[in-house]
Asks: 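Quick one: the structure is below, and I'll ask about it shortly.
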Amino acid sequence: MTTELPAEPAPAPYVVRFRRLPPVLMVVAGALLCGKAIRWIADAAHGGHPARIPPPLALAVASILLTAAGAVRLARARRTGGIAFAVDADGIFMVASPDGARRFPWDEVSALVLFSRRTEFVQGTVRCVGLRLHPTAPGSPERHLAEFDQAVSRHDLPLDAWDRIRRLDRRPSREGLVLAVSVHAETRGWRYRATPLARAMRAHAPGVPVVHEPSERYHDLVGWRADQEELRRILEDAELRPWC
């Protein structure tokens, strides 16, 4: 008589959710400030002091922008059930701008890259999570380079389109292709913890490494995608031109 061993439970997924409190506070604070600013504008107008209107008017515009930003964050979280990032047995789920929410199966992912971006207006950094896709996956740097070489060799393109393509020859080096990310998300409104994330990656995809890159490599990691988008626009314009 043989006794079957109980099956080991599947590893738990790693799920990060959008924080709800900050966008709610943004909406409430923006609405209150907007109401105050409108009242100050009305008092200045009725009191015959037009010179006092610009400051509360600027406050009203800023409060409207604050309210809109909070509402956009709430809507984004609602579309994904509040989930910003997840690692499970099926792959990686990520909300990345401008691509939106998408799931990447494990057979497309070759590395998870953790890096940061230096902010322009306030000294500091924004943490980012990026995915390095397999060379054959759509959106990989290798696919972009293949499409670029094919476009350069085409003889049916208008001369101006061919010149624009040649000016895009800022391809990443072969060394830069090793960890260049195809998609990434900035951790705005959510945060990940590196240790549990690495543990989940080892449990669900032991062959997919987790790589940490310094903020100085930000352009090397994501800069090539600007050329990718420009190449797509050039080819689309060239295809549509005969019909215009």
Side-chain angles (χ1 to χ4, degrees), residues 11 13-16 76 79-80 83-117 125-153 165 168-188 190-194 196-236:
Y14 178 76
V15 180
V16 181
R76 178 186 61 178
R79 286 195 299 268
T80 62
I83 298 176
F85 178 81
V87 176
D88 55 30
D90 297 324
I92 293 178
F93 175 85
M94 178 187 295
V95 179
S97 179
D99 304 316
R102 181 181 168 188
R103 175 172 291 280
F104 298 86
W106 289 121
D107 59 0
E108 291 185 3
V109 180
S110 63
L112 178 71
V113 186
L114 306 179
F115 58 103
S116 59
R117 176 181 67 84
T125 57
V126 178
R127 300 171 76 189
C128 304
V129 178
L131 297 183
R132 173 73 170 99
L133 301 182
H134 283 300
T136 57
S140 68
E142 290 85 356
R143 289 283 291 269
H144 164 63
L145 292 182
E147 293 170 359
F148 177 85
D149 292 337
Q150 182 181 11
V152 170
S153 63
I165 293 175
L168 291 179
D169 194 6
R170 299 189 302 271
R171 63 180 65 193
S173 64
R174 292 299 170 184
E175 294 78 9
L177 285 177
V178 174
L179 291 174
V181 298
S182 299
V183 61
H184 77 282
E186 296 186 350
T187 59
R188 296 184 180 274
W190 59 280
R191 289 291 183 270
Y192 68 85
R193 294 195 298 163
L197 174 57
R199 188 182 304 120
M201 290 293 294
R202 288 193 300 269
H204 293 286
V208 178
V210 179
V211 183
H212 297 260
E213 290 289 338
S215 58
E216 290 77 12
R217 285 212 59 204
Y218 175 80
H219 180 73
D220 295 332
L221 295 172
V222 307
W224 67 275
R225 299 206 315 253
D227 282 357
Q228 183 187 40
E229 292 298 324
E230 182 63 19
L231 176 63
R232 185 177 295 115
R233 285 194 293 267
I234 293 173
L235 294 179
E236 288 178 353

Asks: Quick check: do Thr80 and Phe85 have side-chain heavy atoms less than 4.5 Å from each other?
Replies: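 They are not in side-chain contact.
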Asks: Got a donor-acceptor contact below 3.5 angstrom from the Ser110 side chain to the Arg132 backbone?
Replies: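 Yes, Ser110 side chain to Arg132 backbone: donor-acceptor pair under 3.5 Å.
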Asks: Locate the shortest heavy-atom distance separating Ala137 from Leu133; write the atom from each residue and the value.
Replies: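 Shortest heavy-atom contact: CB-CB, 4.0 Å.
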Asks: Identify the heavy atoms of Ala203 and Pro206 that sit nearest to each other, and give their distance.
Replies: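 Heavy atoms of Ala203 and Pro206 come nearest at O-CD, 4.4 Å.
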Asks: Go through Leu112 and Leu131 one step at a time and tell me if the side-chain contact (heavy atoms from CB on, under 4.5 Å) criterion holds.
Replies: CA-CA 5 Å; Leu112 178 71; Leu131 297 183; 3.4 Å; yes
Asks: Name all residues meeting the salt bridge (Lys or Arg N to Asp or Glu O under 4.0 Å) criterion together with Glu147; count only those two or more places apart in sequence or in a different chain, and write none if there are none.
Replies: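 For Glu147 there are no salt bridge (Lys or Arg N to Asp or Glu O under 4.0 Å) partners, ignoring immediate neighbours.
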Asks: Supply the atom-to-atom distance Ser116 OG to His212 NE2, rounded to the nearest 0.5 angstrom.
Replies: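 Those atoms lie 11.5 Å apart.
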Asks: For Ile83 and Phe93, work out which heavy atoms get closest and say how close.
Replies: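 In this case the closest contact between Ile83 and Phe93 is O-CE2, 3.6 Å.
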Asks: Under the side-chain contact (heavy atoms from CB on, under 4.5 Å) rule, what do Tyr14 and Ile92 come out as? Steps first, then yes or no, please.
Replies: CA-CA 10 Å; Tyr14 178 76; Ile92 293 178; over 6 Å; no
Asks: Within the side chain of Arg127, is there an N or O that forms a donor-acceptor pair under 3.5 Å with the backbone of Phe115?
Replies: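 Here the side-chain-to-backbone pair does not exist.
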Asks: Are there more than 12 heavy atoms of other residues, nucleotides or ligands under 6.0 Å from atom NE2 of His134?
Replies: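 Above 12, so yes.
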Asks: Of all the heavy-atom pairs spanning Gly91 and Trp106, show the shortest one and how long it is.
Replies: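 So the two residues come closest at N-NE1, 3.2 Å.
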Asks: List the atom of His204, the atom of Asp88, and the distance in Å for their closest heavy-atom pair.
Replies: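 In this case the closest contact between His204 and Asp88 is ND1-C, 3.4 Å.
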Asks: As an exercise, state the distance from OG1 of Thr187 to CZ of Arg117, rounded to the nearest 0.5 Å.
Replies: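 Interatomic distance, Thr187 OG1 to Arg117 CZ, rounded to 0.5 Å: 10.0 Å.
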Asks: His184 side chain to Val129 main-chain N or O, any donor-acceptor pair under 3.5 Å?
Replies: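 Judged by distance alone, no pair lies under 3.5 Å.
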Asks: Who are the salt bridge (Lys or Arg N to Asp or Glu O under 4.0 Å) partners of Arg193, not counting sequence neighbours?
Replies: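 Counting only residues at least two positions away or on another chain, Arg193 forms no salt bridge (Lys or Arg N to Asp or Glu O under 4.0 Å).
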Asks: Is it the case that over 12 heavy atoms from other parts of the model lie below 6.0 angstrom from the CD atom of Glu229?
Replies: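 Yes, CD of Glu229 has more than 12 neighbouring heavy atoms, counting only those of other groups under 6.0 Å.
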Asks: Would you call Glu230 and Arg233 a salt bridge, using N to O less than 4.0 angstrom?
Replies: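 Counted as a salt bridge, because a side-chain N and a carboxylate O are separated by less than 4.0 Å.
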Asks: Under 3.5 Å, side chain of Trp224 to main-chain N/O of Ser182, donor-acceptor pair present?
Replies: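 Not at all, since once roles are kept as given, no pair shorter than 3.5 Å links the two residues.
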Asks: In the structure I gave you, are the side-chain heavy atoms of Arg202 and Val210 within less than 4.5 Å of one another anywhere?
Replies: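 The answer is no, as the side chains (C-beta and beyond) never meet within the 4.5 Å cut-off.
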Asks: Within this structure, what is the CZ-CZ distance for the pair Arg232 and Arg225, rounded to the nearest 0.5 Å?
Replies: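 So the gap between those two atoms works out to 11.0 Å.
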Asks: With heavy-atom distances below 4.5 Å as the criterion, would you say the side chains of Leu114 and Tyr192 are in contact?
Replies: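 When only atoms from C-beta onward are counted, Tyr192 and Leu114 do touch, with a gap below 4.5 Å.
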Asks: Out of curiosity, Glu236 CD to Leu231 CG, how far, rounded to the nearest 0.5 Å?
Replies: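 Rounded to the nearest 0.5 Å, the CD-CG separation comes out at 10.0 Å.
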Asks: How close do Arg143 and Thr136 get, counting heavy atoms only, and between which atoms?
Replies: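 Residues Arg143 and Thr136, closest heavy atoms: NH1-O, 2.7 Å.
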Asks: For Phe104 and Val183, run side-chain contact (heavy atoms from CB on, under 4.5 Å): C-alpha distance rounded to whole Å, both residues' side-chain angles, the deciding distance at 0.1 Å, then the answer.
Replies: CA-CA 10 Å; Phe104 298 86; Val183 61; 3.5 Å; yes
